[in-house]
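Lettering follows sequence order; numbering is per chain, from 1.
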Protein chains: 2
Amino acid sequence: MPTGNKDFRYFILGLLSQQPMSGYDAKQYLESLGWLVGNPSFGAIYPALHGLLEDGLVTLQVVFYENKPPRKIYSITPAGEHALDEWIHQPLLVGASTRAFVMRLLLATHLSHEGLVTHLRRRRQQVVEQQAALRQTIGETDPTNDNGQRLAFDYGMTIASTELAWLEDLIATLEAQAWPVSQEFIGKGT
Amino acid sequence: MPTGNKDFRYFILGLLSQQPMSGYDAKQYLESLGWLVGNPSFGAIYPALHGLLEDGLVTLQVVFYENKPPRKIYSITPAGEHALDEWIHQPLLVGASTRAFVMRLLLATHLSHEGLVTHLRRRRQQVVEQQAALRQTIGETDPTNDNGQRLAFDYGMTIASTELAWLEDLIATLEAQAWPVSQEFIGKGT
DNA sequence: AAGCGCATGTAAAAGGTTACATGATTAC
DNA sequence: GTAATCATGTAACCTTTTACATGCGCTT
């Protein structure tokens, strides 16, 4: 399969594109996000950085301190910018995790207006499909059924509805921002 | 430490405790849940069943058909019931995934009233902490900051708030039921 | 006769966590 | 002197996906 692989690596690359930092920095930053994107261990972060370095997507600069251990600051290269751009514009795989969605959302600055809207629309479709699947299963299941299943369905539907509303709202806002161009056009026509 | 060990295996065991089924059945059932608990592959399901069988937590019965391939129906054993009971009452690890929470929620029938409330309370605490972490990071970050970050924070806060409200609501309902404990119809015994 | 749905299974590879090792400095 | 923070890194392990193999019966 073409995409989906090494999402985490590209996400780290995205962080570096916003600001050069060390592996330690990256860990702290991710922790500050709560569990939005999980809390990967050093065993995941350092190898990711080494890989990016090997591929020439980042460069390394060692900074020495008098009273602290030296730090390895990674910075993105032009090749890295290009790779990041390619990755972030790839559509999420069907059934991609919420985490995959949030990772790209966090790097929204690297998306064009159109790219962001597209990303949100795709997520919206997935959430709609998730809701449909739940509704169908709930319909098929006889109502005398398991309590845990009912709770989980309700949970899923509640979260999905909220996310959907959030997405719709944001999409509408972003589309309105694109609107003035057309309005100008319409204005001239009228 | 994102998840408890072998959560998935125990989750499958939980499915079997609700109804004997084959690996193929399990896959279909999980798919019908949308992405509530993910869509594990056969490469995850079959080995899990083999492991359960080896540990004596399930038994196997092969059912033959005339026009279809034979199916291997797994049923939970008393030892399996016991192991399931132990597992499901263990508190989720700090930072456990939403998926881990939902898996236990789906098996809520196997939790006592107290056990379910405890489970929900622990999840509530985690969501509260997640929100606190986000608020703090948002506060520390200067407002001229990155657009993607703002979007992701807003997303995280919105989802978290909804989940929190859902949890509070359910906990309140269950606590209200706690006194009129009522007749628990355990099993189908007459 | 080709292809699909059923149904099981396994091996290789990918990706992550856990747990450790190192070593300097600051705080109690 | 002992713990904690800073900072990097590796190796063993665990789990899961990917991708394949098998084989039957039904449909086109």
Specify the separation, in whole Å, of atom [atom1] of [X] and atom [atom2] of [N].
X	N	atom1	atom2	result
D7(A)	dA14(C)	CG	P	16 Å
I12(B)	dT15(D)	CD1	P	14 Å
R9(A)	dG15(C)	CZ	C1'	12 Å
I73(B)	dC6(C)	CD1	P	15 Å
Y10(A)	dG15(C)	OH	P	11 Å
L93(A)	dT17(D)	CG	P	13 Å
K72(A)	dA7(D)	NZ	C1'	10 Å

Could you list by number each residue of residues 27-35 of chain B showing a heavy-atom separation from DNA chain D of less than 4.0 Å, or answer none if no residue does?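 None - not one residue of the stretch has a heavy atom sitting under 4.0 Å from the strand.
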Residues Q61(A) and Y74(A): side-chain donor-acceptor under 3.5 angstrom: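 Checked: Q61(A)/Y74(A) side chains show no N/O donor-acceptor pair below 3.5 Å.
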According to salt bridge (Lys or Arg N to Asp or Glu O under 4.0 Å), does anything in residues 15-29 of chain B pair up with another residue at least two apart or in another chain? List the pairs.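 Salt bridge (Lys or Arg N to Asp or Glu O under 4.0 Å) check on residues 15-29 of chain B returns D25(B)-R71(B), K27(B)-E31(B).
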By nearest atom, which of the nucleotides dA7(C), dA7(D), dG9(D) is closest to the Y24(A) side chain?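 Shortest atom-to-atom distance from the side chain points to dA7(D).
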Could you work out which one of dA7(C), dG9(D), dT17(C) sits closest to the side chain of F42(A)?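 Selected nucleotide: dG9(D).
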By salt bridge (charged side-chain N to carboxylate O under 4.0 Å, His left out) - contacts of [X] (at least two apart):
X	value
D169(A)	none
R9(B)	D55(B)
E81(A)	none
E129(B)	none

So, do L134(A) and L36(B) sit near enough that their side-chain heavy atoms are less than 4.5 Å apart?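 They are in side-chain contact.
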Contact residues, residues 45-65 of chain A to DNA chain C [heavy atom, < 4.0 Å]: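 Nucleic-acid contacts, sorted: none.
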Does anything in residues 9-47 of chain B pair up under ring-ring contact (aromatic ring centres under 6.0 Å, His included), and if so which pairs, sequence neighbours excluded?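 Every ring-ring contact (aromatic ring centres under 6.0 Å, His included) pair that includes a residue of residues 9-47 of chain B, provided the two are not neighbours, is Y10(B)-W87(B), Y24(B)-F42(B), F42(B)-Y46(B).
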All pairs passing ring-ring contact (aromatic ring centres under 6.0 Å, His included) where residues 103-124 of chain A contributes a residue, at least two apart: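 ring-ring contact (aromatic ring centres under 6.0 Å, His included) check on residues 103-124 of chain A returns F101(A)-H119(A).
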Mind checking if F8(A) touches a base, just sugar-phosphate, or nothing, with heavy atoms under 4.0 Å?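 If one applies the 4.0 Å heavy-atom cut-off, F8(A) turns out to touch the sugar-phosphate alone, with no base involved.
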side-chain hydrogen bond (donor to acceptor under 3.5 Å, both in side chains) involving E168(A) - partner list, sequence neighbours excluded: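 E168(A) satisfies side-chain hydrogen bond (donor to acceptor under 3.5 Å, both in side chains) with R124(A) only.
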Could you pull out all residues at least two apart from R135(B) that satisfy side-chain hydrogen bond (donor to acceptor under 3.5 Å, both in side chains)?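 Expected list: none.
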Encode nucleotides 22-28 of chain D as B, S and - characters from 5' to 3', where the letter depends on protein heavy atoms closer than 4.0 Å: B to the base, S only to sugar-phosphate, - to neither. -B-SS--
